[in-house]
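Basis for what follows: all heavy atoms, side chains included, without hydrogens, waters or symmetry-related copies.
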Amino acid sequence: MILLGALVNGLAIIIGGSLGLIFTFIPEHVKDSILKAQGLVIIALGIQMISSSTDVIVTLLSLIVGVTIGEYLKLEDKLNGIGHWLEFKLGDKNAGNISQGLVSGTMIFIIGAMSIVGSLDAGMRGDNTVLYTKSFMDFFIALVMTTTYGLGVIIAGIPTFLYEGLITLGAKGFAHFIPEDVLKTMTKQVSATGGVIIFAIGLNMMNITKTRVGNMIPAIFVAMLVIYIMSFFR
């Protein structure tokens, strides 16, 4: 089944997050410490991803263009709007802010080389190993995040499945017109660009900044497009 890896990843987030709801009784100061610890790890992960950049100029260009698109489309507001609608429909019975959990959870689960590489592997080679590994990691991330953010983190399993599923389905088409060396460069650049976004999420979790990370999403796809265009001039 071509979408099995994406499906397992989505379910891992939902199941892990559901288990996390059991621990919502944890005192606020403990939750705050857990959140800060997560923030530090996410910042470290972002730095590690940024270091894989093959071209800092491309990373900067991708972010500038991507953020401009995101701000124009008001993607973060739309994501928050979905969260607020869910709060209204479901009530905030499970603690945490649904919209914040949805945005932060979705960003953490879909951004990074593992989502891209795993989905491409599943679509092009029928190998779900990378996505299975990511699912194991996301299970525990969702469990801990839900103690702070609540139901929104669980709901993030749905856009994660859709995102990885779309890449998986599109991967067969990629293989026909993108050379392997270009694909490798593209993956590294996407990882670096995503690393900056991950870093921003970590700073938000540490209450250092209030970056609208949802508006940065297009930068990932801009990075892919820039690398593909540049391949014609090499």
Side-chain angles (χ1 to χ4, degrees), residues 1-20 34 37-53 79 101-149 152-172 174-175 183-184 186-202 205 213-214 216-217 219-221 223-224:
M1 179 181 175
I2 192 172
L3 294 177
L4 185 59
L7 179 61
V8 169
N9 197 179
L11 289 175
I13 293 168
I14 293 171
I15 295 171
S18 298
L19 290 175
I34 291 174
Q38 283 181 266
L40 288 171
V41 172
I42 289 171
I43 287 173
L45 176 61
I47 293 172
Q48 183 181 36
M49 291 168 64
I50 294 169
S51 66
S52 69
S53 177
L79 284 171
L102 176 61
V103 173
S104 298
T106 301
M107 293 298 95
I108 289 171
F109 296 135
I110 72 172
I111 293 174
M114 292 188 78
S115 287
I116 301 293
V117 174
S119 299
L120 290 175
D121 257 5
M124 296 168 63
R125 302 194 297 118
D127 186 355
N128 287 301
T129 303
V130 175
L131 287 181
Y132 290 153
T133 302
K134 180 177 179 294
S135 299
F136 182 77
M137 295 168 59
D138 287 351
F139 173 86
F140 290 101
I141 292 174
L143 192 155
V144 177
M145 280 192 71
T146 305
T147 65
T148 300
Y149 287 126
V153 178
I154 300 173
I155 299 172
I158 298 174
T160 300
F161 164 70
L162 295 175
Y163 173 80
E164 293 177 348
L166 286 172
I167 294 176
T168 299
L169 292 174
K172 286 187 175 181
F174 293 161
L183 197 58
K184 287 181 179 179
M186 187 182 292
T187 301
K188 289 182 180 179
Q189 192 58 56
V190 165
S191 179
T193 305
V196 176
I197 303 175
I198 286 286
F199 186 84
I201 291 172
M205 293 176 73
V213 291
M216 300 173 78
I217 297 175
I220 300 172
F221 302 99
M224 296 175 70

Residue among I154, I155, V153 satisfying side chain to side chain contact (heavy atoms under 4.5 Å, CB included) with L102: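 Going through the options one by one, the only one that passes is I155.
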Identify which one of I42, V213, I50 satisfies the side chain to side chain contact (heavy atoms under 4.5 Å, CB included) criterion when paired with I198.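 Output: one option passes, namely I42.
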Residues that D138 engages under side chain to side chain donor-acceptor pair (under 3.5 Å), provided they are two or more places apart: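 Once residues adjacent in sequence are excluded, the partners of D138 under the side chain to side chain donor-acceptor pair (under 3.5 Å) criterion are N9, K134.
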For T129, what residues pass the side chain to side chain donor-acceptor pair (under 3.5 Å) criterion, not counting sequence neighbours?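 T129 satisfies side chain to side chain donor-acceptor pair (under 3.5 Å) with D127 once adjacent residues are dropped.
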Applying side-chain contact (heavy atoms from CB on, under 4.5 Å), name anything that partners I43, two or more places apart in sequence or on another chain.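 I47, F199, L203, M206.
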Can you name the residues that form a side-chain contact (heavy atoms from CB on, under 4.5 Å) with L162, not counting sequence neighbours?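 Scan of L162 (side-chain contact (heavy atoms from CB on, under 4.5 Å), adjacent residues dropped) gives I158.
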E164 side chain near F109 side chain, heavy-atom distance below 4.5 Å: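 Result no, sub-4.5 Å side-chain heavy-atom pair not found.
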Below 4.5 Å, heavy atoms only, C-beta onward: do I220 and I197 meet side chain to side chain?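 A side-chain contact under 4.5 Å exists here.
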Sequence neighbours left out, what pairs pass ring pair (Phe, Tyr, Trp, His ring centres under 6.0 Å) with at least one residue falling in residues 115-138?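 Matches after skipping sequence neighbours: F136-F140.
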CG on L7 to CD1 on I2, rounded to 0.5 Å: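 Result: 13.0 Å between the selected atoms.
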Could you tell me whether a side-chain N or O of T193 sits under 3.5 Å from a main-chain N or O of V190, the two making a donor and an acceptor?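 No.
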Between side-chain atoms of residues 11-19 and protein atoms elsewhere (two or more places apart, or another chain), which donor-acceptor pairs fall under 3.5 Å?
{"from": "S18", "atom 1": "OG", "to": "I14", "atom 2": "O", "distance (Å)": "2.7"}

